[in-house]
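Quantities reported herein were computed from a predicted structural model and do not represent experimental measurements.
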Amino acid sequence: MEETNREAVATAVQRVAGMLQRSDQLDKVEQYRRREARKKASVEARLKAAIQSQLDGVRTGLSQLHNALRDVKDIQNSLADVSKDWRQSINTIENLKDVKDAVVQHSQLASAVENLKNIFSVPEIVADTQVLIEQAELLEAHRKLMDLECSRDDLMYEQYRMDSKNTHDMNLIRNYFGAVQGLSDDLAKQLWMVLQRAMGTVRRDPTMLVSVVRIIEREEKIDRRMLDRKKQTGFIPPSRPKSWKEKMFEVLEGTVTTRIEGSQSVTREADKMWMVRLLEITRKYVLDDLIVVKNLMVQADIGSVFVEMMGHPDLVTEYDIHLMDPLLPQKVVDELLSKYVQTFTSNITGWLRKALETDKKDWFKETEPEADQDGYYQTTLPAIVFQMFEQNLQVAAQIDETFKEEVLKLCLKQMNSFLIRYREEAIAYKEDHLRDRQLPQCYVQYMIAIINNCHTFKESINSLKKKYLKSTEPTQNDAAIERTLNDVAKDGCQFLLDEVFLDLEHHLSELLTRKWLTGTHAVDTICVTVEDYFNDFAKIKKPFNTEMTSEAHRRVVVEYIKAVMQKRITFKNADERREGADRMIKEAEQFKFLFRKLTAGEETDRLCDAIAAIAEVFKLTDPTLLYLEVSTLVSKYPDIREEHIVALLAVRGDASREMKQMIIETLNQNKPSYAGNTQPIFKDITIPTVTMTSMSSSMAATANKLLK
């Protein structure tokens with residue numbers, strides 16, 4: 001606590017010392033005191049409010065705990081009452097055991113009475129049912145079979161309820177109804193025979209096929225009912241579940257398989273065209289059979305089974321293909337998709353390489369590249385690449401959503417690798433050009449097309465993702481693709497600017513020389529050359545065009561200031577300094593006019609004002625005010641360094657060593673910090689090391705003399 005108090009006192013002392021650094025601040029002591037008092041009152045109020053809030057929360061929590069305690073006690077009392085009532089009811093339940101046995105016996109007797117007629121006439125019903133099966137009266141035969149099975153099952157269930165371990169009575173019932181199982185088997189054989197001949201039966205007597213399906217549906221319902229009762233009681237009758245529906249599908253599948261396999265009339269040895277003949281015969285049989293299925297098997301409700309097996313859903317649009325099982329096992333599908341991905345990866349790599357090689361050949365043509373509807377240069381490369389992607393994605397979309405997205409992500413991964421090669425080829429294209437700047441003849445135009453292609457690639461990628469991806473989340477390749485495209489465009493812009501400044505090199509070397517002072521047209525030529533190049537650069541898409549103009553502006557100004565810092569000239573007198581400064585101010589205005597024109601009126605003054613600010617240092621006639629003028633320059637452009645000031649004073653030509661030393665030392669003591677929120681100008685301008693070394697030695701010697 002004492003340490004906290006000491007820290008508080010120290011902090012307060014430090015704050016008071018900060019407030020009262022100057023004598024004029026003593027008049028504001030009362031104002032400071034009131035302000036601190038208000039702050040203290042505000043802090044105390046917030047503390048009180050926070051403590052009050054905490055106390056209210058504690059009070060509410062205690063109240064809820066008391067309520068919970070009362071609820072727990074009430075529940076304990078209720079549980080005690082329930083336990084007491086339960087103990088009292090045990091004896092009552094045991095006394096009702098005789099009543100329960102009587103109820104079970106009564107239920108068994110009632111079931112026996114209800115089935116009494118069937119019990120005594122079982123042999124007669126069995127005989128009638130056998131005749132009906134032989135006469136193909138399948139629905140009537142099945143009705144009698146269900147009556148017999150129902151009587152048997154009810155009797156066995158009641159016996160199971162009374163004494164599930166009495167196997168003797170259960171076997172007695174089963175043996176008495178033994179002929180029923182034989183009837184069921186005979187009826188099943190008739191059903192399978194009809195289904196095996198389904199294609200012929202449906203043409204001759206479609207009602208027979210409908211009857212078979214209805215019988216199978218009835219048996220399915222009985223199977224489900226018996227299985228539900230087994231879950232509740234543990235009892236299930238003999239031969240249940242019959243699962244006739246599954247057997248029906250097996251029979252139909254065998255029918256289709258036999259139909260297709262039986263169409264092979266010749267072998268490979270007998271006829272070289274055996275496969276063509278087989279496929280043609282199969283096609284004819286399949287189409288004929290599907291038409292029959294569509295038109296005649298609708299009532300039987302088994303047409304979907306055939307379509308599933310023959311895989312031609314266009315013929316039966318009324319069936320929901322989404323409810324059908326797949327034509328191929330999932331394992332086979334996965335293997336095929338994996339092989340497809342491998343083949344696609346190999347193919348797309350080759351396609352992209354070939355597309356890039358074709359595009360490279362166009363770069364060396366003697367004709368300009370094509371332009372889009374807005375007049376921007378471009379090549380066909382983006383269109384070719386994304387046509388490949390689009391075609392493969394359309395195929396993938398027909399399989400399923402997941403595979404489509406997998407193929408798209410694979411395309412984006414390949415795209416990233418392709419763009420890295422694209423950048424390497426653009427760099428090689430520039431290096432080839434530098435060996436002979438006359439070739440290729442349309443170097444500038446095709447480099448513009450390369451830059452514009454980056455914009456087209458971005459738009460096409462976003463379009464594919466929007467079309468084929470449900471999620472808006474970025475993929476793992478997005479950042480890399482974006483970075484590579486920006487690098488390609490940035491490189492292209494830099495190459496074009498290098499081309500400009502190679503042409504300006506001779507004229508830039510004339511700046512701030514004796515020839516320049518006596519009068520040259522170097523800046524006029526620079527402005528005309530830059531404007532001429534930027535007439536071509538107008539065919540670069542935004543934002544690259546805007547960024548390139550800004551960089552060109554910066555480089556022109558930096559090169560001009562470099563010419564100053566290289567001390568190509570040292571002014572001999574005030575007239576030369578005034579003449580040189582006036583020329584610099586005039587040329588700064590020329591640059592301003594040029595780049596306002598190129599940027600459609602945007603603000604461009606700050607960079608060119610650096611030239612004018614340096615000119616003011618040269619123009620000053622009173623050397624005693626030189627420090628103020630240099631200070632103004634440093635305040636406007638805080639990235640200027642000591643060696644730049646030394647170089648400016650050397651070009652001015654009238655600053656003594658003592659004055660240079662005084663200006664540098666004073667500026668070093670009061671130099672403003674560079675925040676980095678403005679575009680630097682002097683940062684990239686270096687002074688030759690030899691000059692700096694000799695200047696430092698001279699300054700050191702001067703300092704020693706002053707000390708003596």
Side-chain angles (χ1 to χ4, degrees), residues 348 351-352 354-394 408 411-412 414-416 418-419 421-423 425-426 429-430 433 440-469 478 481-482 484-497 499-500 530-552 595-602:
I348 204 71
W351 294 334
L352 291 173
K354 185 176 180 181
L356 182 54
E357 290 295 330
T358 302
D359 202 58
K360 278 172 51 184
K361 292 179 181 178
D362 292 342
W363 298 352
F364 294 89
K365 287 182 177 179
E366 296 181 358
T367 56
E368 294 183 355
E370 298 178 357
D372 62 12
Q373 64 272 18
D374 297 319
Y376 296 116
Y377 286 138
Q378 64 179 9
T379 69
T380 58
L381 182 62
I384 293 173
V385 169
F386 285 94
Q387 185 180 8
M388 296 178 198
F389 289 168
E390 181 76 29
Q391 291 173 352
N392 284 277
L393 285 168
Q394 288 176 358
L408 176 56
C411 288
L412 294 178
Q414 292 296 319
M415 185 67 189
N416 186 40
F418 166 75
L419 289 175
R421 294 195 299 273
Y422 191 49
R423 184 186 183 192
E425 294 296 343
Y429 182 54
K430 182 262 301 187
H433 171 69
Q441 188 172 337
C442 296
Y443 168 77
V444 171
Q445 290 79 5
Y446 276 99
M447 189 58 73
I448 292 173
I450 291 172
I451 297 170
N452 289 339
N453 284 350
C454 295
H455 186 273
T456 307
F457 277 130
K458 286 184 180 181
E459 290 184 338
S460 300
I461 289 170
N462 292 333
S463 176
L464 281 184
K465 288 170 60 181
K466 185 176 180 180
K467 183 176 180 180
Y468 292 103
L469 274 184
D478 285 1
I481 290 175
E482 180 78 13
T484 307
L485 283 172
N486 288 337
D487 289 344
V488 174
K490 184 178 179 181
D491 288 347
C493 292
Q494 191 66 40
F495 298 159
L496 291 176
L497 287 179
E499 187 74 4
V500 176
V530 170
E531 185 174 5
D532 181 60
Y533 267 104
F534 270 84
N535 286 333
D536 286 337
F537 297 165
K539 296 183 179 181
I540 299 176
K541 293 182 178 180
K542 292 183 178 180
F544 308 128
N545 177 284
T546 305
E547 295 170 357
M548 192 171 177
T549 306
S550 299
E551 179 60 17
F595 287 103
R596 281 175 186 164
K597 183 178 180 181
L598 295 181
T599 57
E602 294 183 8

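In this structure the side chain of Leu497 never reaches within 4.5 angstrom of the side chain of Cys493, judged on heavy atoms. Put simply, the side chain of His433 reaches to within 4.5 Å of the side chain of Glu499, judged on heavy atoms. Within the 4.5 Å cutoff, side-chain heavy atoms of Arg421 are placed close to those of Leu352. Contact annotation: the side chain of Glu390 approaches that of Tyr468 to within less than 4.5 Å [non-hydrogen atoms, C-beta and beyond]. Between Lys541 and Asp374 there is no side-chain heavy-atom pair separated by less than 4.5 Å. The shortest distance between side-chain heavy atoms of Thr379 and Asp362 does not fall below 4.5 Å.
Considering every non-hydrogen atom in both Glu366 and Cys442, the closest pair reads O-SG, 3.6 Å. Nearest approach of Lys539 to Tyr377, heavy atoms of both residues: NZ-OH, 3.2 Å. Closest heavy-atom contact between Ile448 and Leu496: CG1-CD1, 3.8 Å. Scanning both residues, His455 and Lys542, for their nearest heavy atoms gives CD2-O, 3.6 Å. Counting all heavy atoms, side chain and backbone alike, Ile451 lies closest to Ala489 at CG1-O, 4.1 Å. Nearest heavy atom pair, residue Phe389 against residue Leu464, reads CB-CD1, 3.9 Å.
Using the six-membered ring where Trp is involved, Phe457 and Phe418 have ring planes that are perpendicular, over 60° apart on the 30 and 60° scheme. In this structure, Phe364 and Tyr429 have perpendicular ring planes: the angle between them is above 60°, well past the 30° mark. The aromatic rings of Tyr533 and Phe537 sit tilted relative to each other, their planes meeting at an angle between 30° and 60°.
Of the possible donor and acceptor atoms, none in the side chain of Ser463 sits under 3.5 Å from a partner among the backbone N and O of Glu459. For the pair Asn452 (side chain) and Tyr376 (backbone), a donor-acceptor distance under 3.5 Å is absent.
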